[in-house]
Amino acid sequence: ARMNCGGPLVTEALGRPWAADGPYQAGVRAGYVGGIALTTAFLTDGQAIGGPDSTRRRVLASARAGWSAYRFELPDGEYVLRLSLAEFVVQGPGLRVMNLTLEGQPLATGLDLAATFGVQYGGELTRLVTVADGRLDLEAASGPGGDPRVDGPLVNGIELWQAPATWPAPPAVNGLVAKPSYDANLLAWAPEDTPVAGWRVWRAPAPDSKAAEATPPAAAWTRLADL
């Protein structure tokens with residue numbers, strides 16, 4: 001299942017359809033609770049949000065802000081949840097801060113998309129989740145320290161698929177690039193359809209020095225800021 005949060009039915013560059021956003025209610029198996037739909041025509045270096053090599057520019061160009069929940073009625077079992085996230089409204093860190101929970105457990109606390117990815121950049125968060133009551137609940141609330149004038153939590157796209165019975169060996173990272181950004185170095189790589197919970201990133205301060213694991217130790221994103 002793929003939902004284009006805040007937007008209509010779209011087909012991404014790889015040919016996969018994303019369903020239109022809609023409210024959760026009786027008789028509807030998936031949808032949002034609360035919030036407003038946002039779209040952007042803002043272009044970065046002549047390209048839509050996500051950059052010229054992103055397959056998800058059409059998904060990242062819309063969002064739902066100020067939502068309190070997304071609910072999906074599903075058979076019990078293990079699923080992989082992947083969120084597509086891009087801050088295209090506020091213009092810097094510290095303005096939109098949000099807390100996310102998945103099936104009642106913390107998913108992300110104090111998440112600031114502008115600080116994590118930068119403004120007008122897209123990223124992803126992937127988690128393995130067990131559904132035991134026939135419904136997956138993804139919930140959100142504004143976190144501490146954000147600007148109260150901002151329209152609360154933001155999400156651009158949600159994907160769900162059933163976890164495989166056996167896990168294949170993870171693929172090598174594709175499209176890895178490193179580039180400077182403000183006061184940090186950014187590592188970015190291409191998203192994978194293989195359900196990977198995260199990547200471990202190691203860094204060395206100099207070419208001939210010993211590498212140590214970066215923080216956070218397991219990066220679920222497809223972008224990591226090395227401060």
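Fair warning: this is a prediction, and the values are worked out from it, not measured in the lab. The basis for the numbers below is simple: all heavy atoms, side chains too, and nothing from hydrogens, waters or symmetry mates.
The ring pair (Phe, Tyr, Trp, His ring centres under 6.0 Å) search around Trp18 returns none, not counting sequence neighbours. Remark: Tyr70 pairs with Trp67 by the ring pair (Phe, Tyr, Trp, His ring centres under 6.0 Å) rule, at least two apart or across chains.
Closest non-hydrogen pair, Pro144 versus Asn99, comes out as CD-ND2, 4.1 Å. Heavy atoms only, all atoms of each residue included: Arg96 and Val150 are closest at NH1-CG1, 3.4 Å. A pairwise comparison of heavy atoms in Val59 and Gly157 identifies CG1-CA, 3.9 Å as the closest pair. Here the closest non-hydrogen pair linking Val129 and Glu103 is CG2-CG, 3.6 Å. Leu154 approaches Ala63 most closely through the heavy-atom pair CG-CB, 3.8 Å. Closest heavy-atom contact between Leu128 and Ala163: CD1-CB, 3.8 Å.
The main-chain N or O of Glu73 is found under 3.5 Å from a side-chain atom of Arg29 such that the two form a donor-acceptor pair. Using a distance-only test at 3.5 Å, with no hydrogens or angles considered, no donor-acceptor pair links the side chain of Gln25 to the main chain of Val28.
Note on Val33 and Ile36: separate hydrophobic clusters, where clusters join Ile, Leu, Val, Met, Phe, Trp and Tyr whose side-chain heavy atoms are under 4.5 Å apart, directly or indirectly. Cluster annotation: Leu125 and Phe117 are assigned to the same hydrophobic cluster (Ile/Leu/Val/Met/Phe/Trp/Tyr, side-chain heavy-atom contacts under 4.5 Å, transitive). Linking Ile, Leu, Val, Met, Phe, Trp and Tyr residues whenever their side-chain heavy atoms come within less than 4.5 Å places Leu107 and Leu111 in a single cluster. Both Met3 and Val131 belong to a single network of hydrophobic side chains, linked directly or stepwise wherever heavy atoms of I, L, V, M, F, W or Y lie under 4.5 Å apart. Cluster membership for Tyr24 and Leu81, using ILVMFWY side-chain heavy atoms within less than 4.5 angstrom, is not shared.
For the atom pair CZ of Arg82 and OG1 of Thr126, the computed distance is 5.5 Å after rounding to the nearest 0.5 Å. Of the inter-residue distances, the one linking Leu85 atom CG with Leu60 atom CG reads 8.5 Å to the nearest 0.5 angstrom. Atom CD of Glu12 sits about 10.5 Å away from atom CG of Asn4, to the nearest 0.5 Å. Here the CG atom belonging to Asp151 is positioned 6.5 Å from the CG atom belonging to Leu38, to the nearest 0.5 angstrom. Here the CG-CG distance, from Leu102 to Leu136, works out to 5.5 Å after rounding to the nearest 0.5 Å.
Salt bridge Arg2/Glu159: present, at least one basic N to carboxylate O contact under 4.0 Å.
For Ser62 and Asn156, the side-chain atoms include no donor-acceptor pair closer than 3.5 Å.
Counting heavy atoms from C-beta on, the side chains of Leu83 and Leu138 come closer than 4.5 Å. Taking the side chain as every heavy atom from C-beta outward, Tyr79 and Leu74 approach each other to under 4.5 Å.
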Arg64 vs Asp21, test: salt bridge (charged side-chain N to carboxylate O under 4.0 Å, His left out). Steps then yes/no. CA-CA 9 Å; Arg64 177 154 295 275; Asp21 202 15; 2.8 Å; yes
Exercise. For side chain to side chain contact (heavy atoms under 4.5 Å, CB included), just list the numbers for Leu113 and Met98, CA-CA rounded to whole Å, side-chain angles, deciding distance to a tenth of an Å, and then say yes or no.
Key: CA-CA 9 Å; Leu113 299 181; Met98 56 186 179; 3.9 Å; yes
